[in-house]
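Keep in mind that what you see is a predicted model, and the values were worked out from it rather than measured.
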Amino acid sequence: MLDLKPFIREVPDFPQPGIVFKDITPLLTNGPAWQQVIDQLVERYRNKIDIILGIESRGFIFGSALAYALGCGHALVRKPGKLPAATFAASYELEYGTDTLEMHQDAFPPNSRVLLIDDLLATGGTAQAALSLAEKLQAHIIEAAFLIELSFLGGRERLAPHAVFSFIRYDGE
Ligand code: AMP
């Protein structure tokens, strides 16, 4: 098994001063490391989920590969104004201001077993908004999965009682 942390590049002060951006592109461009991530997710969720809910945009990369491997669907949570049909919307607080996510009202059948997926869990605001959209369709949330978890920002606690899975954790900046 490869240690995945060396495949995450830390870029200080991007996109703004004070943020240490976790860049996943070195992992995405390494075939064996990327395959290991998807293979582990396949093993973890095989026969346990009906639909993957991917968050724009890096969540789509994980969601697409995993949905293909599991033979399940991939529903999209997107930034406002991108989805063409009728949507549900959920807003959440940022450090400065608010942001909104949308999902098609018929994204998946009610009572589906749903896995939420994104590249990184920080404060959990994004994932919490996405889960609130899934709950409008009476989703059974199986878990929220992330490649990276910034555990010092408390996202896992914020998403409770939903279960959180992550591959790589950072306990401080
Ligand atoms: P949050 O809502 O605070 O959990 O932030 C999660 C979202 O912001 C994810 O979609 C991430 O891709 C992005 N994000 C937040 N912090 C970082 C970071 N330090 N490096 C890369 N992406 C981040």
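- For the residue pair H74 and A67, the shortest heavy atom distance occurs at CB-CB, 3.9 Å.
- Panel note: side chain R9, backbone P26; no donor-acceptor pair is recorded below 3.5 Å.
- Here the closest heavy-atom approach between residue A107 and residue I51 is recorded as O-CD1, 4.5 Å.
- Atom CZ of F88 is separated from atom OG of S132 by 10.5 Å, given to the nearest 0.5 angstrom.
- Residues I141 and L53 share a single hydrophobic cluster, defined by chaining ILVMFWY side chains whose heavy atoms lie under 4.5 Å apart.
- In this structure, I24 and R58 have side chains that are in contact, with non-hydrogen atoms separated by less than 4.5 Å.
- D23 is not listed as a side-chain neighbour of I8, based on a closest heavy-atom distance of 4.5 Å or more.
- Look at E102 and K79 and you find no salt bridge, because none of the NZ, NE, NH1 or NH2 atoms lies under 4.0 Å from a carboxylate O.
- Distance check, rounded to the nearest 0.5 Å: NZ of K48 to CG of L70 gives 10.5 Å.
- The distance from the CE atom of M103 to the CZ atom of F108 is 4.5 Å, given to the nearest 0.5 Å.
- When all heavy atoms are compared, the tightest approach of L133 to A89 is CD2-C, 3.6 Å.
- In the hydrophobic clustering of ILVMFWY residues, with side-chain heavy atoms under 4.5 Å counting as a link, L27 and F165 come out together.
- If you chain together hydrophobic residues whose side chains sit under 4.5 Å apart, Y92 and L150 never meet in one group.
- With values rounded to the nearest 0.5 angstrom, D99 atom CG is found 5.0 Å from L94 atom CG.
- The closest donor-acceptor contact from the side chain of H104 to the backbone of A85 lies under 3.5 Å.
- Looking at I52 and L116, their side chains never come closer than 4.5 Å, going by heavy atoms from C-beta outward.
- At a cut-off of 3.5 Å, with distance as the only test, no side-chain donor of S91 or T98 sits close to an acceptor on the other residue.
- Across all their heavy atoms, L41 and A145 have their closest contact at CD2-CB, 4.4 Å.
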Self-check item: Audit row: Q40, F167, side chain to side chain contact (heavy atoms under 4.5 Å, CB included) steps and yes/no
Solution: CA-CA 10 Å; Q40 258 182 271; F167 287 89; 3.7 Å; yes
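- Listed for the D50 side chain is a donor-acceptor partner under 3.5 Å among the backbone atoms of R113.
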Quiz item: Step by step, would you call W34 with L28 a side chain to side chain contact (heavy atoms under 4.5 Å, CB included)?
Solution: CA-CA 6 Å; W34 176 237; L28 296 177; 3.6 Å; yes
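- Rounded to the nearest 0.5 Å, atoms CG (L147) and CG (L4) are 7.0 Å apart.
- Both I61 and F7 sit in one connected hydrophobic cluster of ILVMFWY residues. Membership requires side-chain heavy atoms under 4.5 Å apart, directly or through other members.
- In plain terms, the two heavy atoms of T126 and L101 that are nearest each other are O-CD1, 3.6 Å.
- Taking each heavy atom of S166 and E149 in turn, the nearest pair found is OG-OE1, 2.8 Å.
- Other residues, nucleotides and ligands contribute over 12 non-hydrogen atoms within 6.0 Å of the CZ atom of R169.
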Self-check item: side chain to side chain contact (heavy atoms under 4.5 Å, CB included) between H162 and L131, worked out
Solution: CA-CA 9 Å; H162 298 300; L131 289 175; 3.6 Å; yes
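- Judged by a 6.0 Å distance limit and a 45° cone about the ring axis, K5 is positioned over the six-membered ring of Y170.
- For F60 and F62, the ring centers are positioned 6.0 Å apart or more.
- Here the side chains of D39 and Q36 are not in contact, with every heavy-atom distance at 4.5 Å or above.
- No single ILVMFWY cluster, assembled from side-chain heavy atoms under 4.5 Å apart, contains both I49 and V114.
- Listed for the D118 side chain is no donor-acceptor partner under 3.5 Å among the backbone atoms of F146.
- The structure places OG1 of T87 at 6.5 Å from CD of Q105, a figure rounded to the nearest 0.5 Å.
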